[in-house]
Amino acid sequence: MPECKVDLCDVVLIILAIFLPPLAVALKLCCCDLWGCANLILNIILCLFGWLPAIIHAWIVICFTNDTQVIVYSKK
């Protein structure tokens, strides 16, 4: 499993994910590509099923997606 590296921006997103998980996912993944949109839609669906699954998914996205992955996915 990849290592969770968290910086100050990620800490703010983790706190935001408690209140608005889809917004935290959207801010982390910059929904300009299929990867970001798929995770955002998944998080919205999880919000409909329950708040806790959406928070857990948002935390996973925030902790295990580093900024270089977001740049690589956006350029494809």
Side-chain angles (χ1 to χ4, degrees):
M1 183 170 246
E3 187 177 320
C4 181
K5 294 183 179 178
V6 179
D7 61 358
L8 183 60
C9 293
D10 289 341
V11 171
V12 172
L13 287 175
I14 288 170
I15 294 169
L16 180 64
I18 295 171
F19 302 105
L20 296 168
L23 180 60
V25 171
L27 290 174
K28 179 66 178 184
L29 295 180
C30 308
C31 297
C32 56
D33 61 343
L34 185 61
W35 174 254
C37 288
N39 273 297
L40 179 62
I41 291 169
L42 175 62
N43 196 274
I44 292 171
I45 291 170
L46 288 171
C47 270
L48 295 176
F49 286 120
W51 203 254
L52 189 60
I55 292 172
I56 293 170
H57 174 259
W59 285 347
I60 290 171
V61 167
I62 293 166
C63 287
F64 294 111
T65 303
N66 60 24
D67 294 330
T68 56
Q69 288 175 326
V70 173
I71 292 169
V72 169
Y73 288 135
S74 298
K75 289 185 179 180
K76 287 186 178 181

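For reference, positions follow the sequence shown, starting with 1.
- The CG atom of Leu29 lies 8.5 Å from the CG atom of Leu40; values are rounded to the nearest 0.5 Å.
- For the pair Ala17 and Pro21, the tightest heavy-atom approach, listed with the atom from each and the gap, is O-CG, 3.2 Å.
- Side chain of Trp51 to backbone of Ile18: a donor-acceptor contact under 3.5 angstrom is found.
- Once rounded to the nearest 0.5 Å, the distance linking CG of Leu13 with CG of Leu20 reads 11.5 Å.
- Connection of Leu52 to Ile60 is established within a shared hydrophobic cluster, with ILVMFWY side chains joined at heavy-atom distances below 4.5 Å, either directly or through further cluster members.
- Each of Asp10, Thr65, Asn39 was checked for a side-chain hydrogen bond (donor to acceptor under 3.5 Å, both in side chains) with Lys28, and the lone residue meeting it is Asp10.
- Side-chain contact between Leu46 and Pro22: absent, with no pair of heavy atoms (C-beta onward) separated by less than 4.5 Å.
- Transitive grouping of hydrophobic side chains (ILVMFWY, heavy atoms separated by less than 4.5 Å) brings Val11 and Phe19 into a common cluster.
- Under the 4.5 Å side-chain heavy-atom criterion for grouping Ile, Leu, Val, Met, Phe, Trp and Tyr, Phe49 is not connected to Ile56 through any hydrophobic cluster.
- Val61 and Leu42 fall into different hydrophobic clusters, where Ile, Leu, Val, Met, Phe, Trp and Tyr are joined by side-chain heavy atoms under 4.5 Å apart, directly or via other members.
- Of the options Ile45, Asn43, Ile62, a side-chain contact (heavy atoms from CB on, under 4.5 Å) to His57 is made by Asn43 and by none of the others.
- In this structure, Ile41 is not a member of the same hydrophobic cluster as Leu34, with clusters built from ILVMFWY side-chain heavy atoms closer than 4.5 Å.
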